[in-house]
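Keep in mind that this is a model prediction, so the values were computed, not measured.
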Amino acid sequence: MRIPTRKKPEVLSPAGNLRGLKTAVDYGADAVYCGGKAFGMRSAPKNLSLEDFEEGSRYAHERGARVYVTCNVLPRNNEIKAMREYIGQLKDTGVDALIVSDIGVMMMARQVAPNLELHVSTQAGVTNYQAANAFYELGARRVVLAREMDLQAVRDIRANIPDDLDIECFVHGAMCMAFSGRCLFSNYLTGRDGNHGECAQPCRWKYSIVEEKRPGQYFPIEQTENGAYLFNSQDMNMLGHLDDLIDSGATSLKIEGRAKSAYYIAAMTNAYKTAVNEYMIQRGFEDADGNILLPFHDRVIRPSDPDYGQGTEDQVMRNADAAFAGVADEGYDRAIATSDAPEPDGMSSHARSTRRKSNTAVEQIETDWKHAAVRPAPHVELPEWLLEETDKVAHRDYSTGFYYPEHKVTQNTDRSAYFRSWLVVGEVLSWSADEGGRVTLMSRNKIEPGQQVEFLLPGERPLAYIVPEDGLRDADGTPVPAINNPAHVFSMPCPHQVPINAAIRSRTKKPTLKAE
């Protein structure tokens with residue numbers, strides 16, 4: 001059994017193993033993407049075996065979710081036969097779609113596994129509607145847009161492609177500064193091929209430069225008013241802007257992080273699923289119980305619509321062309337002057353002109369070209385606790401990626417590590433109503449009386465709880481003063497019923513620079 005394509009925005013979560021897949025589904029993912037033991041763009045996670053895909057697909061389908069498999073490496077000549085065999089094995093596991101980037105692999109998949117949907121990876125670098133339509137004609141049912149696309153580009157693509165061609169956009173996680181992820185930097189420095197899922201992330205290392213005539217004298221690479229190297233990019237966080245992205249035609253909202261922990265997957269899946277539910281309610285598509293009131297539809301005005309091009313310009317449209325080299329300086333300056341936004345990149349007209357070189361509006365933009373507008377709607381307001389969720393996982397400094405030209409992703413020149421102000425202290429094994437309520441847990445970090453913790457609950461606000469002064473016990477039922485042995489079973493009083501596998505987290509006494 002396979003689950004049909006959703007008729008509402010999809011929350012797409014990562015999984016590096018079977019546990020991650022099940023966690024994503026438990027916390028509300030509409031679909032999960034994961035890699036197998038070969039031909040995926042992440043080699044660091046353990047990834048899934050064919051047996052894992054079978055079990056994971058059954059688990060997901062029973063709960064209304066879908067499973068997508070990454071086959072998006074750029075294969076070498078000696079890998080073609082093995083990939084054909086691998087795709088032939090995947091088609092019988094129950095998975096729903098293959099994510100591909102190489103056009104040869106795409107044609108191979110159509111022949112070998114015609115029952116599977118084909119999704120075109122961000123590695124393919126889709127930046128315009130012509131490319132999207134071409135992939136559609138070749139059999140693709142989804143394109144994952146290049147990460148350098150701004151919101152206006154998403155709108156323009158949506159307005160000029162079939163409605164049944166999905167648009168998938170990244171909404172959260174690490175940003176790759178190479179062209180849609182294609183990079184030779186890691187291969188050159190370490191021999192680990194980023195295009196085969198083995199990236200060593202050398203763009204996040206700390207660098208200094210040495211001048212030829214000054215051997216041994218090191219100068220740090222840092223950001224100045226004249227610019228900076230695009231290393232150590234910020235993480236993306238679009239949680240507070242999902243309404244803009246969904247209104248602009250994004251069908252699927254992709255969370256990056258197949259190498260992340262189960263806790264990270266749970267927390268971010270839960271946050272984005274809750275935000276999408278809020279969107280559906282506040283836009284009038286569903287009621288608070290999830291009952292459908294109106295069929296979902298984005299707010300992009302198509303060329304076939306009678307109000308196409310009729311005075312619905314907004315801030316996104318006014319700032320759109322600032323992102324591209326093909327706009328003359330005077331047009332760029334006029335767009336900025338007529339908006340309330342400051343100059344997005346702090347560059348002078350002369351500097352921008354130098355950067356653009358010979359590109360001009362006449363050379364690059366059709367004279368009758370019109371950007372696709374979006375029908376205006378009130379901003380979807382999210383509760384404060386929900387917006388705070390993104391700070392409760394390990395992360396680098398956040399940005400909104402390239403979606404807003406006036407607020408582009410930048411680099412961090414202070415640190416290349418992660419920032420973590422919360423940590424997981426335990427995981428729920430069971431809950432019993434005995435003794436007024438008691439939770440049994442597997443410890444991860446210290447828990448002591450008086451400590452405030454939170455239980456991460458699927459589809460709900462996290463449950464804040466103060467650890468009681470007594471009642472802590474070890475696995476044998478012996479009272480203990482505190483829970484301080486990681487990977488051991490303990491129990492403590494808890495009158496609130498909490499689900500199995502729920503993460504228990506607590507604010508750190510001192511923020512650390514460490515990933516999950």
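Ring geometry for His119 versus Tyr68: interplanar angle over 60°, hence perpendicular rather than tilted (30 to 60°).
We find the CG-CG distance between Asp235 and Asp397 to be 8.5 Å, quoted to the nearest 0.5 Å. Between atom OH of residue Tyr263 and atom CZ of residue Arg444 there is a gap of 10.0 Å, rounded to the nearest 0.5 Å.
Using a cut-off of 4.0 Å between Lys/Arg side-chain N and Asp/Glu carboxylate O, Glu454 and Arg505 are scored as salt-bridged.
Counting only N and O atoms by type, the side chains of His379 and Glu381 include no donor and acceptor under 3.5 Å apart. A donor and an acceptor atom, one from each side chain of Asn277 and Thr274, are nowhere located under 3.5 Å apart. Between the side chains of Gln451 and Ser506, at least one donor N or O sits under 3.5 Å from an acceptor N or O. A donor-acceptor pair shorter than 3.5 Å can be found between the side chains of Arg155 and Ser248. No side-chain donor-acceptor contact under 3.5 Å links Thr478 and Asp476. In this structure, a donor-acceptor pair under 3.5 Å is absent between the side chains of Gln123 and Ser101. In this structure, a donor-acceptor pair under 3.5 Å is present between the side chains of Ser13 and Thr269.
Scored by the side-chain hydrogen bond (donor to acceptor under 3.5 Å, both in side chains) test, Glu286 finds Lys8 as partners (sequence neighbours excluded). Residues passing the salt bridge (Lys or Arg N to Asp or Glu O under 4.0 Å) test with Glu435, sequence neighbours excluded: Arg473.
The side-chain tip of Lys22 points at the ring of Tyr59 from less than 6.0 angstrom away and within 45° of straight on.
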Using residues 166-173 as the side-chain source, report each donor-acceptor pair under 3.5 Å to any protein atom, sequence neighbours left out, with the distance given to one decimal.
| residue | atom | partner | partner atom | Å |
| --- | --- | --- | --- | --- |
| Asp166 | OD2 | Arg142 | NE | 3.4 |
| Asp166 | OD2 | Arg142 | NH2 | 3.0 |
| Glu168 | OE1 | Arg142 | NH1 | 2.9 |
| Glu168 | OE2 | Lys254 | NZ | 3.1 |
| His172 | ND1 | Met236 | O | 3.4 |
| His172 | ND1 | Tyr272 | OH | 2.8 |
| His172 | NE2 | Tyr398 | OH | 3.4 |

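Tested against Asp247, the residues Arg375, Arg158, Arg283 include a single side-chain contact (heavy atoms from CB on, under 4.5 Å) partner, Arg283.
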